[in-house]
Chemist: 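Take this structure first; my questions come after.
Below, chains carry the letters A, B, ... as their sequence lines are ordered, and counting in each starts from 1.
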Amino acid sequence: MAWDLLLWIISFFVSLALVASVFYQVICLTDLEADYLNPFETSTRINRLVIPEFILQGSLCLLFLFTWHWVFFLVALPVTVYHAMLYNERRYLIDVTEVFRTISFEKKLRFTKLGFYIFLFIMVVFRLTLSAVYSFTEDDDLLHLF
Amino acid sequence: MGTENNKGYPKFPARPAPSSSPYASAPPPGIPPPSGGPPTGSDAVGFRPFPPSASQPIRPFTPSGPPPAPQVGAMRPAQPSPFVSQIPGSRPPPPSSNSFPSTAYGPPPPPPPPPGAAPFQRFPSPPFPTTQNPPPQGPPQTLAGHFSPPMSLRPQQQPMAPVTMGPPPQSTTSGLPGANASPSPADFNMAARPGFQQSMPPVTPSYPGVGGSQPSFPGYPSKQVSQPPPMPFQSSQGPPGPPPVSSYPPHTGGFAQRPNIVAQQNLHPSYAPPTSNVQGLVEDFNSLSLASIPGSMEPGLDHRSFPRPLDGDVEPNSFAEMYPMNCHSRYLRLTTSAIPNSQSLASRWHLPLGAVVCPLAETPEGEEVPLIDFGSTGIIRCRRCRTYVNPYVTFTDSGRKWRCNICSMLNDVPGEYFSHLDANGRRMDMDQRPELTKGSVEIIAPTEYMVRPPMPPIYFFLIDVSISATKSGMLEVVAQTIKSCLDNLPGYPRTQIGFITYDSTLHFYNMKSSLSQPQMMVVTDLDDIFLPLPDDLLVNLSESRTVVEAFLDSLPMMFQDNVNVESAFGPALRAAFMVMNQLGGKLLIFQNSLPSLGAGRLKLRGDDPRVYGTDKEYALRVAEDPFYKQMAADCTKFQIGINVYAFSDKYTDIASLGTLAKYTGGQVYYYPGFQSSVHGDKLRHELARDLTRETAWEAVMRIRCGKGIRFTSYHGNFMLRSTDLLALPAVDCDKAYAMQLSLEETLLTTQTVYFQVALLYTASCGERRIRVHTSVAPVVADLGEMYRQADTGSIVSLYARLAIEKSMSAKLDDARNAIQQKIVKALKEYRNLHAVQHRLGSRLIYPETLKFLPLYGLAIIKSTPLQGGPADASLDERCAAGFTMMALPVKKLLKLLYPNLIRVDEWLLKPSADHDDLRDVSNRLPLAAESLDSRGLYIYDDGFRLVLWFGRMLSPDIAKNLLGNDFAAELSRVTFQEQGNGMSKKLMSLVKKLRENDPSYHPMCFLVRQGEQPREGFLLLRHLIEDQMGGSSGYVDWILQLQRQIQQN
């Protein structure tokens, strides 16, 4: 049971990090639009985060697979696949020279991802509390409460 | 009256322009006698003269027609409507036309002098067409031929006479549909015609508001007010129609058919060509009669009558005249000078909505942009929208406040800038203030506009010295040219200069002024670039002049025996960046081979033709390595502008190298297979121009426009620094930028929209300046009006840029189709606009202003970046041409798209003392093989190349005179040089003149003889865009294709 709790704690932090990172990227993009940031700054800030985000998300997905959490795995899978595709086509970085041409797409993409990560985060929090309660009460009967 | 009309204007937005354009065009012809007489200004006087004039010509008609004429004089002024009733009666028989026109004509007299004049002038031409046109009708009548334009005297009636008698059938080669041959076309015709005229007067006044004082004519306003009914009409027949209708309501029914005929008359192809400009302006649209069955060509289809821009780029000037304070069209050209008032209207306008801006366009002598120094006052700008003060701001509150024309904000006038207003509300000091009278001004910017002290002009050279550079002679030419330009570099004595050369290693040069010879330092570590010296790599030219000269003298010798084939381009670029990033400046890169070492090394690609036609095709045309985009962005950030000179005959990946130029506001010069003996002159000239032309440093450009519209996309060589700020590290007169705008609000409530281009830059002299161009365009509610005010030049310019951009993300085919689809959509919309009232049959109709659009569309599709498949142009050529076209100003682009073809042999043979008399050779020929006569000598000039085509049967004398003893040899080996005879001198002077026409590039001369394959095909035939070539269609096919697609629903 402790392993399970550990899993959810890890997932909790990972998904929290994902949410934070995407949220930060969205903020950068809106700042760029509002002319608070220049494109050079924006693209360095965002591009710095892209690869870590991909890695985190990918490993979370794998983690779910290896721990046999099918539902979570399937939920995380589409984004992983999409990231892999972007990476293969080398389109994952913000193109500083053409930011303004792609900004609306990039923003939409990040908003979607943000929603998705938040959804994942909520699910993880739910499972986390559940498994925390289990592990602390050590009482299987609690399961019937749900 | 003027103002009054202005108020009316928004209500009938459709009207003004049409008339305006004719009006604008009309005056020049000179005032014909009749107009001189009658229009005296007062109505009474105006009337009197007329009746006589009317009756005079009418006399001949009287036999056939009822006596309306006299009435006309009497009645018209008082009550037009009674008239109407009469007309129906008189109508039925053709003769009635007499009466009708006369009545219709009646109105013109009342208008005050100026408008009066216009209609008259107009007449000569319109009547002409009419008579010629009505082919359907048949009464054989050759009269038409006789009464050509010359009838300036009461042209109105005279034309009528012949018409009534029976319009000449002549000229109907194109086979107009017989369907419209109604019995009385003539009569309709006439009726309509007067209508046009009549419409004019009221219209003109509405515009004059801008022009200034205009006597008011009673009666007119009311007519205008009564106009609403015509609205439906308007769309169909266009502005000219409505006025008559409204003034004689009953006629409307009768009129219904008229447009039809009028239109059809115009359809005549023979009117399409540029020769009939005036006519086109009066009419609603032009058209080409095409075969009724798509695909099959009727024998009558005469492609010679298709419109061709043989007069070059014709700028729409009606607005320049209407708004004399607008900046010149060389700086700013809108795609249409009528801005749609609603989003729905804008979406029906399928052409691009935008502008082409060339902020530093070269000005002819005497028209220099005035330089203004506001001194301690500070620059006068709107507090809210930051608009610069311009001729369209209004001063109120006895001069203490001014209202921003863009955002209508009331601003205070600073004390030092205060001036009293005169009775008209104009500032007293108006004449001393160019910023209040001129659309283009240059303002000296105070320190608030600087983030650092203005930079000096900096030229940094990055020169490839590998084996191919020395072998081809490039190194020598470059060194010589730079040396010869040292005196002319702008910005003496602040100019700075520096060099890096590279092959597989980097060579830095210490040019410290205390040295007598430059010191060379070699860096071999390409992975971790460092600068061997902290400074002295970039030195002040005036201080280190001797060192620099010594370096340039020795440069070719130094690397004479270099056998290194590698090219460490990426590291060299990084090193140059490190040297320059303190100050910025211009970086000139001379690259001879594919970058092969270090960061940014590139692979051979594009040699696999199978990639073409697949979805990956586009990848060949964009930078392969992100290194290039990143470097370009960094350079822009540090105000470094890059110009790329590429010389290799092998693949150099211009797509990647050009990226550097694209995002730093530079340009790409490409000399495939450079040989100093062949291309030396071209390189010398173009490099010298690049070094010596006036350059604006560390510039940013922004275009502001009125509320409700917004510029959304920008196209050209630059980088966007924020959503609407173009960063241009180094910009000069040869660069233009295109932008598209969109409506943000569903409905624009203003009557006009203002545009203001502001370029903030550092001049070479070290002054920070702002160049401001202001322009205004009316807002309209009518689609037809937008078409009438369209500007083919800037539309084509935008289209070309869009197509090239599209080719960077899609297949060539897709890019070409996209252009075709856009043109089809636009013409389809235009057709729908007129289809209701006119039976258009199988004609292709288009507005006069867009008559060249289809041809230019074809030219874009056949231009180097977009043409054919892999075999038609090498990848590098395509990309280089693409980068070049992205920066070209409108006129140069149009010349490149539809080059000049002129015949010169006859001119050469003509004994004329004056060699400079080039007028005779200035008539351009259509770009088709059939223009080429094998007995002739032709020059093809697209601004980048001159091709001399020797016909097979060209008299040997000429060839001998021009080519000397080599005349029989294969022309590819012959060098074109002056021979010691008059004819050759004459030709050389012509070539020189052609080159001087446009100094931005140096067209190289190619000689080719007819039948000399494959050179002939490659140099000339391939560029005869009206011919069918390989898989691409010719002009006729293209038009048929368009027509077919337009007719599909």
Side-chain angles (χ1 to χ4, degrees), chain A residues 21-55 57-58 81-112 114, chain B residues 386 451 581 615-616 618-619 622-640 642 656 658-666 700 702 710-729 739-740 742 801-802 805-806 808-809 883 886:
Chain A
S21 125
V22 175
F23 188 68
Y24 178 73
Q25 294 178 28
V26 169
I27 297 213
C28 284
L29 286 176
T30 39
D31 274 3
L32 175 67
E33 259 189 339
D35 209 6
Y36 296 127
L37 274 182
N38 64 37
F40 313 106
E41 193 89 346
T42 312
S43 61
T44 11
R45 284 187 188 184
I46 293 181
N47 289 345
R48 203 167 46 198
L49 289 175
V50 170
I51 290 292
E53 183 204 323
F54 282 17
I55 293 174
Q57 206 277 339
V81 171
Y82 183 70
H83 283 171
M85 190 193 83
L86 283 185
Y87 189 81
N88 271 338
E89 294 176 11
R90 302 202 304 179
R91 288 197 290 128
Y92 57 99
L93 292 180
I94 296 260
D95 178 358
V96 58
T97 50
E98 297 283 359
V99 198
F100 291 102
R101 204 160 287 185
T102 53
I103 191 164
S104 63
F105 170 77
E106 297 285 349
K107 253 176 73 177
K108 259 183 226 147
L109 172 68
R110 281 172 174 75
F111 269 120
T112 322
L114 184 63
Chain B
R386 309 303 292 151
V451 283
N581 67 11
D615 290 336
K616 291 205 172 121
Y618 75 90
V622 295
E624 187 194 7
D625 191 332
F627 169 82
Y628 288 91
K629 279 199 162 179
Q630 192 56 49
M631 277 313 287
D634 289 344
C635 287
T636 308
K637 189 175 173 187
F638 291 99
Q639 308 293 358
I640 302 169
I642 300 178
S656 298
T659 309
L660 293 170
K662 178 175 170 60
Y663 293 110
T664 58
V700 287
R702 172 172 271 147
R710 193 167 67 90
F711 281 94
T712 45
S713 69
Y714 300 82
H715 313 274
N717 292 357
F718 58 83
M719 197 179 133
L720 276 180
R721 166 112 4 137
S722 75
T723 39
D724 61 345
L725 189 68
L726 276 59
L728 307 165
M739 44 206 77
Q740 284 184 284
S742 63
R801 286 164 195 247
L802 290 174
E805 269 173 14
K806 175 111 188 173
M808 308 259 185
S809 61
F883 287 123
M886 288 297 276

Chemist: Could you tell me if the side chain of Gln630(B) sits less than 4.5 Å from the side chain of Val96(A), heavy atoms only?
Modeler: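 Yes, close enough: below the 4.5 Å cut-off.
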
Chemist: For the pair Glu98(A) and Met719(B), evaluate side chain to side chain contact (heavy atoms under 4.5 Å, CB included) and give the outcome as yes or no after the intermediate values.
Modeler: CA-CA 8 Å; Glu98(A) 297 283 359; Met719(B) 197 179 133; over 6 Å; no

Chemist: Does any heavy atom of chain A fall under 4.5 Å from the side chain of Thr723(B), the backbone, both, or neither of them?
Modeler: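 Backbone plus side chain of Thr723(B), per the 4.5 Å heavy-atom cut-off to chain A.
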
Chemist: Quick one: pull up CZ in Phe100(A) and CG in Leu725(B) and give me the separation to the nearest 0.5 Å.
Modeler: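 Nearest 0.5 Å value for the CZ-CG distance: 9.0 Å.
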
Chemist: Is atom OH of Tyr618(B) surrounded by more than 12 heavy atoms (other residues, nucleotides or ligands) closer than 6.0 Å?
Modeler: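 Check fails, neighbour count at 12 or below.
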
Chemist: Which one wins on heavy-atom pair count under 4.5 Å against chain B: Ile103(A), Leu93(A), Asp95(A)?
Modeler: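 When all of Ile103(A), Leu93(A), Asp95(A) are compared, Asp95(A) has the most.
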
Chemist: How long is the gap from CZ on Arg101(A) to OG1 on Thr712(B), to the nearest 0.5 Å?
Modeler: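 Nearest 0.5 Å value for the CZ-OG1 distance: 10.5 Å.
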
Chemist: List the residues meeting salt bridge (Lys or Arg N to Asp or Glu O under 4.0 Å) with Asp634(B), not counting sequence neighbours, and say none if there are none.
Modeler: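 By the salt bridge (Lys or Arg N to Asp or Glu O under 4.0 Å) rule, Asp634(B) matches no residue at all.
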
Chemist: So with a 6.0 Å cut-off around CZ of Phe23(A), is the heavy-atom count from everything else above 12?
Modeler: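 Result for CZ/Phe23(A): open.
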
Chemist: How many angstroms lie between OG1 in Thr97(A) and CZ in Phe718(B), if you round to the nearest 0.5 Å?
Modeler: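 The OG1 atom of Thr97(A) sits 11.0 Å away from the CZ atom of Phe718(B).
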
Chemist: How about OH on Tyr87(A), more than 12 heavy atoms from neighbouring residues, nucleotides or ligands closer than 6.0 Å, or not?
Modeler: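 Incorrect, the count does not exceed 12.
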
Chemist: For residues 31-38 of chain A, dump all side-chain donor-acceptor pairs below 3.5 Å to protein atoms at least two apart in sequence or in another chain.
Modeler:
{"residue": "Glu33(A)", "atom": "OE1", "partner": "Lys107(A)", "partner atom": "NZ", "Å": "2.7"}
{"residue": "Asn38(A)", "atom": "OD1", "partner": "Phe40(A)", "partner atom": "N", "Å": "3.1"}
{"residue": "Asn38(A)", "atom": "OD1", "partner": "Glu41(A)", "partner atom": "N", "Å": "2.7"}

